[in-house]
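Excluded from the calculations below are hydrogen atoms, water molecules and symmetry mates; all remaining heavy atoms, backbone and side chain alike, are included.
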Amino acid sequence: MATVGKVIKCKAAVAWGAGKPLSIEEVEVAPPQAMEVRVKILYTALCHTDVYFWEAKGQTPVFPRILGHEAGGIVESVGEGVTELAPGDHVLPVFTGECKECAHCKSEESNMCDLLRINVDRGVMIGDGQSRFTINGKPIFHFVGTSTFSEYTVIHVGCLAKINPEAPLDKVCILSCGISTGLGATLNVAKPKKGQTVAIFGLGAVGLAAMEGARLSGASRIIGVDLNPAKFEQAKKFGCTDFVNPKDHKKPVLIEMTNGGVDRAVECTGNINAMISCFECVHDGWGVAVLVGVPTKEDVFKTHPMNFLNEKTLKGTFFGNYKPRTDLPNVVEMYMRKELELEKFITHSVPFSQINTAFDLMLKGESLRCIMRME
């Protein structure tokens, strides 16, 4: 390609400061270095994590920055040492990686790569500590190794999943983060058996993805737990059979509703009280609770030890226990076989130039996923 080895000028949405509207700018994108890949982004989605770090309320602010981590694109060029990908390959960038060499990557039980695990504070490439983005020679920082709010981006090869080129990128791009996280939390970690009862705490996109996993598992009863009763109607599309609003009850009701507790429970809120309730509502003897949400630094999980002695199991998960390069292509194939329904998650679509509209929709709680098409 004519652009190989050269700096590419393209449009990107730059976050200049906390909470400030993103600005469409012309940026220079450097060629990929060793073990890096330059990707042409065709579609990118907005995840709540982007909004969280854009607001910079609870973490170290890193600006100016190009956010974005749910996307689909095509490889433009590869750096030295990259053998698994070639120009023209269809890929999904992922905020966490798989180096395939560390103890975690070699383990069948873990997906928490030592080299490429998510780092929200690092705004540069892991290889040389430099940014691949500049504006008039001044560096613009990266975000979780992906920075997909740009027509071109540079990503470590270990954070790219090569997928079926027939898969529509405007649909499967949402598998880069939240949907896979929730889906895998149920399918890979909670592992409900056919006919069992599953409770899902939090009915945002991740929770609904966890609910989709319960539906695929053949759960007989899927109970949605959320403080917003308006979410029940939408949750029905994902298999929700019952709805519980904790504000309507003075005491826990799930154990009474299910004759001793649910068989599996998945928490997708990050609220410490929801986490504790998620664990305590599972059935003794065989109940499994899975925590997905990220708590605050000050939170402490408190429960009586008898809950463990009564053989309730508590687990956590990261990215649904999926290894990005190994497993994500298979999740895409689930969609291609029409087993997994992604269209239900995509509530809005706007041109990339209207990215601030996507932020507004999410801040108002009106969208699950808004897809932005590069123009």
Could you measure the distance from the NZ atom of Lys100 to the CG atom of Leu116? Nearest 0.5 Å is fine. 12.0 Å

Any salt bridge linking Asp242 with Arg221? Criterion: basic side-chain nitrogen under 4.0 Å from a carboxylate oxygen. yes

For Asn136, does the CG atom have more than 12 heavy-atom neighbours from other residues, nucleotides or ligands under 6.0 Å away? no

Rounded distance [0.5 Å steps], OG in Ser107 versus CE in Met112: 12.0 Å

Side chain to side chain, Thr148 and Glu70, heavy atoms closer than 4.5 Å: no

Close side-chain approach of Phe133 to Thr153, heavy-atom, < 4.5 Å: yes

Within the 6.0 Å centroid threshold, strictly below: Phe279 and Phe201: no

With no hydrogens and no angle check, just 3.5 Å: does a side-chain donor-acceptor pair link Ser110 and His104? yes

Side chains of Val29 and Cys10: does their closest heavy-atom pair fall under 4.5 Å? yes

Step by step, would you call Met372 with Ser353 a side chain to side chain contact (heavy atoms under 4.5 Å, CB included)? CA-CA 8 Å; Met372 290 164 280; Ser353 59; over 6 Å; no

Under the side chain to side chain donor-acceptor pair (under 3.5 Å) rule, what do Ser349 and Arg373 come out as? Steps first, then yes or no, please. CA-CA 8 Å; Ser349 177; Arg373 56 191 182 276; 3.2 Å; yes

In plain terms, say whether Arg38 and Glu76 are close enough for a salt bridge, that is, a side-chain N and a carboxylate O under 4.0 Å apart. yes

Does one hydrophobic cluster hold both Leu361 and Phe149, with members joined at side-chain heavy-atom distances below 4.5 Å? no

Glu80 atom CD: more than 12 heavy-atom contacts under 6.0 Å: no

If you group Ile, Leu, Val, Met, Phe, Trp and Tyr by side-chain heavy-atom gaps below 4.5 Å, do Leu328 and Leu42 land in one group? yes

To the closest 0.5 Å, what do you measure between CZ (Phe319) and SG (Cys113)? 13.0 Å

Going only through I, L, V, M, F, W and Y residues with side-chain contacts under 4.5 Å, is there a path from Val198 to Val225? no

Atom of Thr186, atom of Ser217 and distance for their closest heavy-atom approach: CG2-OG, 4.5 Å

Restricting to non-hydrogen atoms, name the atom on Met336 and the atom on Pro168 that form the minimum distance, rounded to 0.1 Å. SD-CD, 4.0 Å

What is the ring orientation for Trp286 with His283, classed by angle as parallel under 30°, tilted 30 to 60°, or perpendicular over 60°? parallel

May I ask you to test the Pro31-Val7 pair for a side-chain heavy-atom distance under 4.5 Å? yes

Write down the atom of Pro61, the atom of Ala56, and the distance for their closest heavy-atom approach. CB-CB, 4.0 Å

If we ignore angles and hydrogens, is there a donor and acceptor under 3.5 Å between the side chains of Glu25 and Ser23? yes

Indicate the atoms forming the closest heavy-atom contact of Met362 with Leu46, along with that distance. CE-O, 3.5 Å

Side chains of Leu227 and Pro246 in contact at under 4.5 Å (non-hydrogen atoms): yes

Distance-only donor-acceptor check, side chains Tyr335 and Glu343, under 3.5 Å: yes

Within the structure provided, determine whether Tyr322 and Asn330 are in side-chain contact (heavy-atom separation under 4.5 Å). no

Can you check whether Leu203's main-chain N or O pairs, donor with acceptor, with Asp226's side chain at less than 3.5 Å? yes

Using the rule that Ile, Leu, Val, Met, Phe, Trp and Tyr join whenever any side-chain heavy atoms are under 4.5 Å apart, tell me whether Ile24 and Leu67 fall into a single cluster. yes

Answer yes or no: is there an ion pair linking Lys237 with Glu341, defined by an N-O contact shorter than 4.0 Å? no

Of the non-hydrogen atoms in Asp121 and Val62, which two are nearest, and what is the gap between them? O-CG2, 3.9 Å

Restricting to non-hydrogen atoms, name the atom on Phe63 and the atom on Phe53 that form the minimum distance, rounded to 0.1 Å. CZ-O, 3.8 Å

Verify same cluster id: Val294, Val266 (apolar side-chain graph, 4.5 Å): no

NZ/Lys344: more than 12 non-hydrogen atoms of other groups inside 6.0 Å: yes

